[in-house]
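Below: the structure, in structure tokens.
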Amino acid sequence: MMNRTEKKVEEFVEKYEMVGKDDTVVTGVSGGADSVCLLFMLCSLSKRLGFRVTVCHVNHGLRGGAADEDEAYVIRLCERLGVPCRIFRENVESIARKRKQSTEEAGRMIRREAFEIMCRENGGTKIATAHHRDDNAETVLLNIARGTGIRGLCGIRPVRGKWIRPMLCLSRAEIEEWAAEAGIAFCTDATNEEDVYTRNRIRHNILPAMAEQVNAGAVQHLNDLSLQAQEIWDYIKKETDRAQAECVSYGGKEENSAGAGQDEGTGKIVNISEGIKELDPVVAKALVHRCICEAAGEEKDIEAVHVTDTIALFGKQVGKQTDLPYRVRAVRTYAGVTLERAARPGKNGVKDAEAVLNIPGVTYFPGTGQTIECTILDAGEASFAKEFPQKSYTKCFDYDIIKYSLSARGRRPGDYFTVDGEGGRQKLKSYFINEKVPRQERDRKLLIADGDHIVWIPGMRMSRAYQIGSRTKRILMIKITEDREYVRDDQSIDPGRGS
């Protein structure tokens with residue numbers, strides 16, 4: 001017959017629909033009181049609810065013989081309960097040095113990696129950890145002290161994806177009382193009594209002082225705050241999802257498929273429209289934070305100041321920018337703000353690359369992965385040459401008037417092209433400004449150049465000086481094949497003149 005504590009856990013598991021009868025629950029068991037009690041709880045529940053239990057134990061190699069004793073105890077316990085067990089042995093100190101993490105952070109990541117491995121290799125569908133109400137109170141306080149928003153006040157959630165916390169409804173005192181009544185033995189980790197780690201200091205000093213000197217129900221009240229924050233955050237998230245669909249696009253100016261148009265070593269290009277100005281400030285901040293994280297491919301170290309700086313760009317002139325973590329740059333554009341992660345050093349794309357064209361022949365352009373095919377035709381094929389549409393990536397030119405070797409490259413100071421039949425010139429920079437091409441896009445534009453004279457801006461327009469005429473004897477046909485892994489499609493920017 002279940003006692004009150006077991007019934008409380010079962011009701012909590014059912015309330016949050018943590019497990020189903022077809023689930024295999026990977027359970028983290030260190031050998032300490034909390035995780036051992038979790039194992040016993042799950043084994044009892046599995047008989048009534050029909051799911052399977054398997055154990056993951058990570059030996060961090062930090063406590064020598066004591067850690068080996070904990071490992072041996074977990075193995076014996078699992079054999080006694082008839083539960084499959086997998087042991088992971090890792091040198092956490094060495095891994096922490098390599099990853100430039102604290103041993104506490106490295107240990108946490110290693111445990112998560114071990115759980116995920118068991119899900120992949122041992123059929124796990126859920127991952128159960130032994131967090132309880134006191135752990136949640138500690139987490140909320142820690143987040144407040146370090147600086148947090150609503151999301152940090154949410155603390156530890158009962159369910160997050162496949163991660164479940166069946167004992168989050170219990171206090172540490174309830175767990176210890178239940179273990180004593182059931183006669184459950186467990187190991188004691190001496191490091192848990194030390195105040196080396198920040199969490200231990202909160203556990204041993206701050207929470208007890210709050211309970212004794214401020215309010216005996218401090219832990220419960222922190223947990224209540226956590227639940228309220230979760231409800232608020234879930235609402236904000238729902239509104240942010242709605243705003244994202246309306247105000248955010250991905251890739252180049254007209255290319256909105258997520259992940260498209262990225263150079264190797266960069267993250268997602270995220271465009272936030274002017275529509276963000278109509279959002280409630282709370283939703284706007286949440287949306288910008290999410291967008292920065294998407295552009296960076298990381299969440300850690302994205303702080304409120306970065307969100308504020310990015311939102312401030314909407315009140316500034318086009319071209320203004322701010323640098324964000326993980327090489328992300330936010331740039332004010334005509335349409336709003338674009339977030340893009342810069343290439344790693346040495347990955348300079350179009351800007352610093354140049355390739356002299358093989359005429360006739362095929363040239364590979366290393367800046368973008370495009371291939372440029374050049375073919376020489378005779379004047380009799382002039383009518384064929386004029387059939388290509390304005391935005392085509394195939395163009396024909398009067399080969400006889402080209403002065404230098406043609407090259408494929410990015411823009412440079414002094415670049416110009418001819419805009420009319422009278423020889424009128426326009427600086428390339430002025431053209432880009434007039435056509436509202438964002439600054440970061442200009443450096444990615446592939447150009448076909450004859451010295452400083454731009455022969456063609458593929459996908460946009462060509463110089464009038466190289467058009468085929470009645471005196472043309474030789475025609476140069478250039479065809480550019482785009483590698484979609486590298487190059488965004490900018491054809492739609494074409495102004496429809498002079499091609």
Side-chain angles (χ1 to χ4, degrees), residues 1-58 70 73-87 111-112 114-137 139 155-187 219-220 223 226-227 230:
M1 182 177 176
M2 287 188 294
N3 65 14
R4 182 181 60 82
T5 304
E6 292 172 1
K7 182 65 175 174
K8 190 175 181 179
V9 171
E10 182 173 24
E11 290 174 350
F12 189 69
V13 167
E14 291 178 340
K15 175 183 177 180
Y16 287 97
E17 300 179 342
M18 292 187 183
V19 291
K21 63 182 181 63
D22 296 323
D23 280 318
T24 295
V25 182
V26 177
T27 309
V29 180
S30 65
D34 299 340
S35 63
V36 169
C37 287
L38 172 64
L39 177 58
F40 274 91
M41 285 278 190
L42 289 177
C43 286
S44 177
L45 282 174
S46 68
K47 296 173 184 176
R48 294 191 293 277
L49 302 181
F51 60 87
R52 294 169 296 282
V53 179
T54 185
V55 165
C56 175
H57 175 83
V58 180
D70 291 352
Y73 169 75
V74 172
I75 292 173
R76 292 195 303 271
L77 179 61
C78 290
E79 289 174 348
R80 193 179 104 201
L81 295 174
V83 175
C85 176
R86 183 169 176 179
I87 305 296
R111 290 191 296 274
R112 291 182 68 90
F115 294 145
E116 294 288 356
I117 289 171
M118 286 195 65
C119 285
R120 291 196 304 269
E121 299 180 0
N122 298 93
T125 57
K126 297 292 177 68
I127 299 169
T129 60
H131 293 96
H132 47 70
R133 280 193 316 196
D134 295 66
D135 290 324
N136 191 37
T139 299
I156 304 170
R157 286 183 176 264
V159 177
R160 184 182 290 279
K162 60 175 172 282
W163 293 77
I164 61 174
R165 282 90 182 195
M167 297 201 306
L168 203 57
C169 59
L170 302 178
S171 66
R172 181 178 284 111
E174 287 178 297
I175 293 171
E176 292 174 350
E177 182 181 348
W178 181 79
E181 290 176 358
I184 296 173
F186 50 82
C187 304
V219 168
Q220 181 60 52
N223 275 272
S226 172
L227 290 173
Q230 288 173 22

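These values consider heavy atoms only, across backbone and side chains, with no hydrogens, waters or symmetry-generated copies.
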Which of these passes side chain to side chain contact (heavy atoms under 4.5 Å, CB included) with [X]: [options]?
X    : options             : value
P158 : Q230, H131, K15     : Q230
H57  : V29, L77, I87       : I87
R86  : V58, I117, V55, V26 : I117

Ignoring hydrogens and angles, tell me if any N or O in the side chain of [X] forms a donor-acceptor pair with the backbone of [Y] under 3.5 Å.
X    : Y    : result
S44  : F40  : no
R165 : H132 : no
S35  : S30  : yes
N122 : G124 : no
D70  : G31  : no
N223 : R133 : yes

For the residue pair [X] and [Y], establish whether any side-chain heavy-atom pair is separated by less than 4.5 Å.
X    : Y    : result
M18  : L45  : no
V219 : S171 : no
C119 : K162 : yes
W163 : I156 : no
V36  : Y73  : yes
V25  : I164 : yes
W178 : E6   : yes
M118 : I127 : no

Just do the side chain to side chain contact (heavy atoms under 4.5 Å, CB included) check on K126 and F51 with the steps written out, would you?
CA-CA 10 Å; K126 297 292 177 68; F51 60 87; over 6 Å; no
Using the side chain to side chain contact (heavy atoms under 4.5 Å, CB included) rule, take F115 and T129 through it: C-alpha gap first, then chi angles, then the decisive distance, then the call. CA-CA 10 Å; F115 294 145; T129 60; 4.3 Å; yes
Heavy-atom pair with the smallest gap, counting every atom of [X] and [Y]:
X    : Y    : value
P84  : G82  : CD-O, 4.0 Å
V74  : C85  : CG1-SG, 4.1 Å
G123 : T24  : O-CB, 3.5 Å
S46  : C43  : OG-O, 2.7 Å
N136 : S226 : ND2-OG, 3.3 Å
L42  : A128 : CD1-CB, 3.8 Å

| field | Over 12 non-hydrogen atoms of neighbours within 6.0 angstrom of CD in E17 | value | no
CD of E79 to CZ of R76, rounded to nearest 0.5 Å, is 9.0 Å
One should read off an interatomic distance between I175 CD1 and D34 CG, to the nearest 0.5 angstrom, of 5.0 Å
